[in-house]
Amino acid sequence: MLITRALDYFDPARAFGGDLSKALARARCKFLLVSFSTDWRFSPARSREMVKALLDNHRDVSYAEIDAPHGHDAFLLDDARYMNVVRSYFANMAESLHEGGAA
């Protein structure tokens, strides 16, 4: 219950007047966001808001939305599409590091 409550009240944009783009402006890492079409806890619409805010700041972001019937727990299941997205992302990160680039 405490974790759910914390998730319900967490708002990274609160200290920035509700502007998520401003809240994410200082971020310097690369991002991978994955959402599931039936996730009621973290909806794809919210993920797309984060993607937009990151793109507004010219950040490196990858996004995948997976059509899955399993709701919020979809990320806990062995979904080949999800695993392939994560595997590819990490493979690209590893290749970038191997080539001397920034991951």
Side-chain angles (χ1 to χ4, degrees):
M1 293 297 289
L2 289 176
I3 292 173
T4 299
R5 186 176 190 188
L7 291 171
D8 287 343
Y9 290 105
F10 177 71
D11 180 2
R14 181 180 300 137
F16 298 88
D19 188 331
L20 188 56
S21 292
K22 285 182 183 176
L24 295 174
R26 296 185 301 165
R28 298 289 180 245
C29 62
K30 294 182 180 185
F31 293 84
L32 169 63
L33 283 87
V34 181
S35 64
F36 296 92
S37 60
T38 56
D39 189 340
W40 56 269
R41 169 57 75 195
F42 301 107
S43 72
R46 297 299 299 196
S47 293
R48 289 190 296 271
E49 286 178 31
M50 287 187 279
V51 169
K52 182 187 178 313
L54 290 164
L55 291 174
D56 286 347
N57 286 294
H58 308 286
R59 299 299 176 249
D60 188 334
V61 58
S62 299
Y63 176 65
E65 183 174 325
I66 298 172
D67 186 24
H70 309 294
H72 177 66
D73 293 336
F75 76 99
L76 297 171
L77 302 174
D78 189 15
D79 184 298
R81 297 162 300 171
Y82 174 60
M83 296 300 175
N84 286 336
V85 166
V86 174
R87 185 179 299 109
S88 294
Y89 186 80
F90 284 135
N92 287 337
M93 296 280 287
E95 183 176 329
S96 177
L97 287 172
H98 180 70
E99 293 173 353

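All of these numbers come straight from a predicted model, not from anything done at the bench.
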Trainee: Could you verify whether a donor N or O on one side chain and an acceptor N or O on the other, from Asn84 and Arg87, lie under 3.5 Å apart?
Mentor: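 The answer is yes; a qualifying pair exists.
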
Trainee: Applying a strict under-4.5 Å side-chain criterion to I, L, V, M, F, W and Y, I'd like to know whether Trp40 and Ile66 cluster together.
Mentor: no

Trainee: What's the separation between atom CG in Asp8 and atom CZ in Arg41, rounded to the nearest 0.5 Å?
Mentor: 4.5 Å

Trainee: With Phe36 as reference, evaluate Phe75, Phe42, Tyr82 under the ring-ring contact (aromatic ring centres under 6.0 Å, His included) test and give the passing residue.
Mentor: Tyr82

Trainee: Does a sphere of radius 6.0 Å around CZ in Phe16 hold more than 12 heavy atoms from other residues, nucleotides or ligands, not counting ones at 6.0 Å or beyond?
Mentor: yes

Trainee: Got more than 12 heavy atoms from elsewhere within 6.0 Å of CD1, Ile3?
Mentor: no

Trainee: Any chain of hydrophobic side-chain contacts (each under 4.5 Å) joining Tyr89 to Met83?
Mentor: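 They do share one cluster, since a chain of ILVMFWY contacts under 4.5 Å joins Tyr89 to Met83.
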
Trainee: Rounded to the nearest 0.5 Å, how far does CZ of Arg26 lie from CZ of Arg28?
Mentor: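 Spacing of CZ (Arg28) from CZ (Arg26) equals 9.5 Å.
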
Trainee: Give a yes or no on whether the backbone of Arg59 and the side-chain of Asn57 come within a donor-acceptor separation of less than 3.5 Å.
Mentor: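 No, the answer is negative, given that no donor and acceptor are paired below the 3.5 Å cut-off.
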
Trainee: Tell me whether Phe10 is reachable from Leu24 by hopping between hydrophobic residues (I, L, V, M, F, W, Y) whose side-chain heavy atoms are closer than 4.5 Å.
Mentor: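 No; tracing contacts between hydrophobic side chains, which count when under 4.5 Å, never links both residues.
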
Trainee: How long is the straight-line distance from CG of Leu55 back to CZ of Phe31, given to the nearest 0.5 Å?
Mentor: 11.0 Å

Trainee: Sub-3.5 Å donor-acceptor pair from the side chain of Ser35 to the main-chain atoms of Ser43, do we have one?
Mentor: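 No: the side chain of Ser35 does not pair with the backbone of Ser43.
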
Trainee: If you compare all heavy atoms of Ser21 against all heavy atoms of Ala53, which two are closest, and at what distance to 0.1 Å?
Mentor: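 Result for this residue pair: OG-CA, 3.4 Å.
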
Trainee: Looking at Lys52 and Glu49, does any basic side-chain N land under 4.0 Å from a carboxylate oxygen?
Mentor: no

Trainee: Do any N or O atoms from the side chain of Arg48 and from the backbone of Tyr63 form a donor-acceptor pair under 3.5 angstrom?
Mentor: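 Pair absent, no side-chain N/O of Arg48 close to backbone of Tyr63.
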
Trainee: If the test is side chain to side chain contact (heavy atoms under 4.5 Å, CB included), which one of Asp60, Val85, Val61, Asn92 qualifies with Leu32?
Mentor: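 In the set Asp60, Val85, Val61, Asn92, the residue that makes a side chain to side chain contact (heavy atoms under 4.5 Å, CB included) with Leu32 is Val85.
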
Trainee: Nearest 0.5 Å please: distance from the OG1 atom of Thr38 over to the NE2 atom of His72.
Mentor: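 With rounding to 0.5 Å, OG1 (Thr38) is 11.0 Å from NE2 (His72).
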
Trainee: Starting at CG of Leu20, measure out to CE of Met50 and round the result to the nearest 0.5 Å.
Mentor: 7.5 Å

